[in-house]
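Just so it is clear: chains get the letters A, B, ... in the order the sequence lines come, proteins before strands, and each one is counted from 1.
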2 protein chains.
Amino acid sequence: MRTAEAILETMHERGCRVTGPRRAIVEFVLEQCEPFSAEDVFRALRRVQPTIGRATVFRTLDLLAELGVVERVHHPSGTHRYVVSSDGHRHHVVCVRCGRVAAFSGCNLEPILASIADQTRFRILDHWLELSGLCQACQGETMAVSR
Amino acid sequence: MRTAEAILETMHERGCRVTGPRRAIVEFVLEQCEPFSAEDVFRALRRVQPTIGRATVFRTLDLLAELGVVERVHHPSGTHRYVVSSDGHRHHVVCVRCGRVAAFSGCNLEPILASIADQTRFRILDHWLELSGLCQACQGETMAVSR
DNA sequence: CTCCTTATGATACTCAGTATCAACTAATCA
DNA sequence: TGATTAGTTGATACTGAGTATCATAAGGAG
Ligand SMILES: [Mn+2]
Ligand SMILES: [Mn+2]
Ligand SMILES: [Zn+2]
Ligand SMILES: [Zn+2]
């Protein structure tokens, strides 16, 4: 997991400028362990730096995605979420009934990924595994939903 | 690969009505072997049935996604693409550079899912596995981006 | 054919994301 | 240091995918 300073230094090496908004966004982003939207970033930073612009948030997230610091992931709602990519490997299960989230680690996808790379001729760079289901508390209350 | 008639019959069994627009959309969709957007469907059908509405296209694609006939896939542009789901369970790899999508089959996630269910006490109902990487064509053109 | 329910398409709307541009500022160098 | 300059910011306006509404049209069971 990179530090904010290291990331800003990388930007600098690229010829980008290290500015207040960029520093704030990078620091905020590194604190997140759940997927977040651009709007999440904007609303959170606005309270600290009320002058920050929406466009700057989008631009900086684009830049961070290019640098590989964050990754854009699919969200069924149609809008993008971001996750910090060097987060090790945290995935989660979302309860479809109450929204409770549980994290888990140790997905051993490597054999599967190898076979997929072979099958599709893609070079697999990353994976995102998201599960949904019923948490323990909600497993007893599903008669109404069943078909 | 289901036939248009079989799909319309399934709709019928669900209490949905078999209408001209739905028939046209289903038939069009089944002909596609590349990922397509809602707009693609709209523009193509408009030439045959100029009265068709955009909303109907979106609604019917939603329905087809619910029925499992098509699958919504992520496209880096931010808008959704659809692919006809072949029989059985499929996932997709998206090229981070050009957006090309390749399908693959035979994700053997069951052992992993079982261990996660055990770990989290969730009953796993569904999973979303999204891979990203570089398609064969884009693997040669990455020197500028590297690092 | 009748009747009821669902679907349609026109229209207006939402809102994530982008283009523009004048004002600003980080970094480089004299 | 202060001048210079290219990159950045935020206000504003815009785009375009997707959705809500609603009066009208049409499917289908009987
Ligand atoms: Mn993993
Ligand atoms: Mn998406
Ligand atoms: Zn729950
Ligand atoms: Zn590609």
Would you give the length of the straight line joining atom [atom1] of [X] to atom [atom2] of [Y], rounded to the nearest 0.5 angstrom?
{"X": "A:Met11", "Y": "A:Ile7", "atom1": "CE", "atom2": "CD1", "answer": "7.5 Å"}
{"X": "B:Arg46", "Y": "B:Arg54", "atom1": "CZ", "atom2": "CZ", "answer": "9.0 Å"}
{"X": "A:Leu30", "Y": "A:Arg2", "atom1": "CG", "atom2": "CZ", "answer": "9.0 Å"}

Phosphate OP1/OP2 of [N] contacted by [X] side-chain N/O (<4.0 Å):
{"X": "A:Thr56", "N": "D:dG10", "value": "yes"}
{"X": "A:His12", "N": "C:dT28", "value": "yes"}
{"X": "B:His80", "N": "D:dA17", "value": "no"}

Between B:Arg14 and B:Glu66, does any NZ, NE, NH1 or NH2 come within less than 4.0 Å of an OD or OE carboxylate oxygen? yes
If you assign each of B:Ala38 and A:Gln49 to its closest nucleotide in DNA chain D, which residue comes earlier from the 5' end? A:Gln49
Quick one: on DNA chain D, does B:Glu39 or B:Gly20 contact a more 5' nucleotide (nearest heavy atom)? B:Glu39
Take B:Asp118 and B:Ser115, measure what side-chain hydrogen bond (donor to acceptor under 3.5 Å, both in side chains) needs, and give me the verdict at the end. CA-CA 5 Å; B:Asp118 200 54; B:Ser115 121; over 6 Å; no
Let's see if you can work this out: which of [options] has an atom nearest to the side-chain heavy atoms of [X]?
{"X": "B:Ile52", "options": "C:dG9, C:dG17, D:dA26", "result": "C:dG9"}
{"X": "B:Cys16", "options": "D:dA11, C:dA7, C:dA16", "result": "C:dA7"}
{"X": "A:Thr79", "options": "C:dG17, D:dT19, C:dA27", "result": "C:dG17"}
{"X": "B:Phe58", "options": "D:dT5, C:dA7, D:dT19", "result": "D:dT19"}

Judged by nearest nucleotide, the residue sitting upstream toward the 5' end of DNA chain C, B:Pro50 or A:Thr19, is B:Pro50
Is a donor-acceptor pair below 3.5 Å formed from side chain B:Arg59 to base C:dA7, judging by atom type as modelled? no
Measure distances between side-chain N and O atoms of A:Arg54 and base N and O atoms of D:dG10, and say whether any donor-acceptor pair falls under 3.5 Å. no
How would you label the contact of A:Arg22 with the nucleic acid (heavy atoms, under 4.0 Å): base, sugar-phosphate, or nothing? sugar-phosphate
Categorize B:Thr51 for me: base, sugar-phosphate, or nothing, with a 4.0 angstrom heavy-atom threshold over every strand shown. sugar-phosphate
